[in-house]
Undergrad: 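The structure is given below, and queries will be raised subsequently.
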Amino acid sequence: QVQLVESGGGLVQAGGSLRLSCKASGTIARINVMGWYRQTPGKQRELVAQITRSDWTSYADSVKGRFTISRDNAMNTVHLQMNSLEPEDTAVYYCTIYTTMTYWGQGTQVTVSS
């Protein structure tokens, strides 16, 4: 059983910062890719950022230059540092990992007020 526990969401004013963290626990095979998605009501879940085991990263165009993803392989943890937050970043953020299967966290709410 693999569990992903997210933390760090909350309410912040536009221009502020938040740091999301996600720790994977349980019987985990080699984690190849770790990432963050987000979803708002009525919209599809979208990829925000992802990072490979060798630290290759990719970002959605809307967050490039503002968000930074990082991981700690020894701790099976992935972080998302979010700076210069905008109201459009308001969403539920989901952590995901890819091993031989895909696992999802329960989601954490991020709300950016204008």
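Any value given below was found using the heavy atoms of this structure, including those in side chains, with hydrogens, waters and symmetry copies removed. Numbers here simply count residues along the sequence, with the first being 1.
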Undergrad: Quick check: is Val33 connected to Trp104 through a chain of hydrophobic side chains (ILVMFWY, heavy atoms under 4.5 Å apart)?
TA: yes

Undergrad: Considering only residues two or more places apart or on different chains, which pairs with a residue in residues 71-114 satisfy disulfide bond (SG atoms under 2.5 Å apart)?
TA: Cys22-Cys95

Undergrad: With a 4.5 Å heavy-atom cut-off, do Leu20 and Glu6 have their side chains touching?
TA: no

Undergrad: Would you name the heavy atoms of Gly107 and Val92 that are closest together and state the gap between them?
TA: CA-CG1, 3.8 Å

Undergrad: Examine Leu11 and Val110 and state if one hydrophobic cluster contains both, with Ile, Leu, Val, Met, Phe, Trp and Tyr joined whenever side-chain heavy atoms are less than 4.5 Å apart.
TA: no

Undergrad: Write down the atom of Ala24, the atom of Leu4, and the distance for their closest heavy-atom approach.
TA: CB-CD2, 3.3 Å

Undergrad: Within the distance-only criterion (no hydrogens, no angle test), does the side chain of Thr96 pair as donor or acceptor with the backbone N or O of Tyr103 below 3.5 angstrom?
TA: yes

Undergrad: State yes or no: do Tyr37 and Ile69 share one hydrophobic cluster built from I, L, V, M, F, W and Y residues joined by side-chain heavy-atom distances below 4.5 Å, directly or via other members?
TA: no

Undergrad: Hey, could you give me the CD1/OG1 distance between Ile28 and Thr99, rounded to the nearest 0.5 Å?
TA: 8.0 Å

Undergrad: How far does CD1 of Ile51 sit from CG of Asn73, to the nearest 0.5 angstrom?
TA: 8.0 Å

Undergrad: Nearest 0.5 Å, what's the NE2-OG1 distance between His79 and Thr68?
TA: 12.5 Å

Undergrad: Can you give me the closest heavy-atom contact between Pro87 and Ser114, atom names plus distance?
TA: CG-CB, 3.8 Å

Undergrad: Would you name the heavy atoms of Ala60 and Leu47 that are closest together and state the gap between them?
TA: CB-O, 3.4 Å

Undergrad: Could you tell me which non-hydrogen atom of Val78 sits nearest to which non-hydrogen atom of Met34, and how far apart they are?
TA: CB-CE, 3.7 Å

Undergrad: Is there a path of hydrophobic side-chain contacts, each under 4.5 Å between heavy atoms of I, L, V, M, F, W or Y residues, that connects Tyr59 with Leu18?
TA: yes

Undergrad: I want to check something: taking the side chain as every heavy atom from C-beta on, are Met82 and Trp36 in contact at a cut-off of under 4.5 Å?
TA: no

Undergrad: So, taking the atom named CD in Gln13 and the one named OG1 in Thr111, what distance separates them when rounded to the nearest 0.5 Å?
TA: 13.0 Å

Undergrad: Taking C-beta and beyond as the side chain, do Val2 and Ile97 meet within less than 4.5 Å on heavy atoms?
TA: yes

Undergrad: Does Tyr98 share a hydrophobic cluster with Val48, counting links as ILVMFWY side-chain heavy atoms below 4.5 Å and allowing steps through other members?
TA: no

Undergrad: If every non-hydrogen atom of Arg71 is compared with every non-hydrogen atom of Arg53, which pair is closest and at what distance?
TA: NH1-N, 3.2 Å

Undergrad: Could you check if a side-chain atom of Gln50 sits within less than 4.5 angstrom of a side-chain atom of Trp56, using non-hydrogen atoms only?
TA: yes

Undergrad: Going by the side chain to side chain donor-acceptor pair (under 3.5 Å) test, which pairs reach into residues 82-94, not counting sequence neighbours?
TA: Ser17-Asn83, Arg38-Asp89, Arg38-Tyr93, Arg66-Asp89, Gln81-Asn83

